[in-house]
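Treat the numbers as computed from the prediction; the structure is a model and nothing was measured.
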Amino acid sequence: DRDVTGVQTCALPICFPAPVGGTCDLALAGGVLWFSDSTDQQFGDLESVSLDSSHTVTDTGRSLYQMIFATTPAHPGWLVVGESQGDPTSVWVLDVSDPANVTTITHNLSLVGGGGNLGDMAITPDGSTLYTANGSPYELDAFSLPGLTAAGVYPTAPYPTAVAASPNGEQVAEGIDGIYNPDVYLFDIGNSTAKAHWDFGGTD
């Protein structure tokens, strides 16, 4: 139910079975497609499936909670994995250049600010910065990659759910469940005051 970053459109659909459940998030990194095999909306193993004719499924043995992913063309062997809906937020930067031997580059058990209920992640085009949208605190947070050190805070309102970086890397936008607040905030990188915001109307 999300866009798969980096996957090319093909002339005919290619279908193969995989035990996908939970968040149903997908990512392309290390030349394979990544997913979680969670079927109970909770913990699941991080798995990959090859994109050749064999469609070989490989289980990394890493069990994480409600996984969501972020990738960047600047580092095609990186897979950033976040445990959504957890408190505090946990994020891993993994080296998946060899899908059969996944290693941890960085793991942050509790992101700066005590963020929880991770809703979305995005990486700048140059691969230098990770942005997170957590249900709390009410802000867009930036972290340098691959070390996941704090790289900026952009205040919004309750409750952040989505984030996207512009193609030129100069702006970042965050969407929130803005019941009584604007629904989308746009920031210039390095400026914590919103450049613009939009409200879709209504309280749903």
Side-chain angles (χ1 to χ4, degrees), residues 1-5 20-27 34-36 38 40-44 46 64-72 79-93 106-124 128-145 148-167 169-204:
D1 60 358
R2 293 175 181 265
D3 293 335
V4 183
T5 302
V20 178
T23 58
C24 296
D25 210 8
L26 301 170
W34 294 91
F35 63 94
S36 167
S38 169
D40 60 3
Q41 302 293 314
Q42 296 189 41
F43 283 92
L46 176 64
L64 302 173
Y65 188 80
Q66 287 289 283
M67 283 177 258
I68 62 173
F69 306 119
T71 60
T72 171
L79 178 66
V80 179
V81 183
E83 289 187 286
S84 67
Q85 311 309 316
D87 192 1
T89 291
S90 292
V91 174
W92 282 257
V93 181
T106 310
H107 174 211
N108 194 325
L109 279 173
S110 178
L111 291 182
V112 176
N117 297 313
L118 179 66
D120 196 16
M121 302 185 296
I123 301 175
T124 52
S128 67
T129 306
L130 173 74
Y131 295 107
T132 63
N134 295 282
S136 65
Y138 309 144
E139 62 193 31
L140 186 160
D141 293 305
F143 303 91
S144 63
L145 289 173
L148 292 177
T149 55
V153 172
Y154 302 83
T156 55
Y159 297 95
T161 58
V163 61
S166 65
E170 296 178 359
Q171 295 179 321
V172 61
E174 182 166 67
I176 71 169
D177 281 341
I179 298 174
Y180 301 111
N181 296 286
D183 298 299
V184 177
Y185 292 79
L186 178 68
F187 297 89
D188 288 328
I189 300 304
N191 189 340
S192 61
T193 300
K195 178 177 183 176
H197 53 71
W198 296 269
D199 192 286
F200 298 147
T203 58
D204 293 335

query = CE/Met121 to CG/Asp25 distance, rounded to the nearest 0.5 angstrom?
reply = 7.5 Å
message = Tell me the closest heavy-atom pair linking Pro155 and Glu139, and the distance in Å.
response = CA-CB, 4.0 Å
ask   = For Ala165 and Ala122, which heavy atoms make the closest approach, and how far apart are they?
value = N-CB, 4.2 Å
task = Take Leu130 and Val91 through the test side chain to side chain contact (heavy atoms under 4.5 Å, CB included) and record every step on the way to the result.
result = CA-CA 10 Å; Leu130 173 74; Val91 174; 4.2 Å; yes
message = If I take atom OH from residue Tyr180 and atom CG from residue Asp199, how far apart are they, to the nearest 0.5 angstrom?
response = 12.0 Å
inquiry  = Does the plane of the ring in His197 sit parallel, tilted or perpendicular to the ring in Tyr185? Use 30° and 60° as the thresholds.
reply    = tilted
request  = Give me the one residue out of Thr106, Thr71, Ile123, Ile68 that meets side chain to side chain contact (heavy atoms under 4.5 Å, CB included) with Val80.
outcome  = Ile123
remark   = side chain to side chain contact (heavy atoms under 4.5 Å, CB included) with Asn134: of Asp120, Asp141, Thr161, only one passes, and it is Asp141
message = Minimum heavy-atom separation for Leu148 and Leu145, please, with both atom names.
response = CD2-CD2, 3.9 Å
Interatomic spacing from CD1 in Ile189 to OH in Tyr131 - rounded to 0.5 Å = 3.0 Å
message = Any heavy-atom pair between the side chains of Val163 and Thr132 that's under 4.5 Å?
response = no
request  = State, yes or no, whether a side-chain contact exists between Phe69 and Val81 at a heavy-atom distance under 4.5 Å.
outcome  = yes
request  = Please report the closest heavy-atom contact between Ala151 and Ser144, naming both atoms and the distance.
outcome  = CB-N, 3.7 Å
ask   = Roughly how far, to the nearest 0.5 Å, is CE of Met67 from CH2 of Trp92?
value = 9.0 Å
note = Nearest heavy-atom approach of Phe200 to Val184 is CZ-CG2, 3.7 Å
ask   = Atom CG in Asp183, atom OG1 in Thr156: separation rounded to 0.5 Å?
value = 11.5 Å
key: Closest non-hydrogen atom pair, Tyr154 against Ala142   = CE1-CB, 4.3 Å
task = Measure the shortest side-chain to side-chain distance between Ser192 and Val153 over non-hydrogen atoms and say whether it is less than 4.5 angstrom.
result = no
query = Under 3.5 Å, side chain of Thr124 to main-chain N/O of Gly169, donor-acceptor pair present?
reply = no
Nearest-0.5 Å distance that lies between atom CG in Leu64 and atom CD in Glu83 = 5.0 Å
query = Mind checking whether Leu79 and Leu46 have side chains closer than 4.5 Å, heavy atoms only?
reply = yes
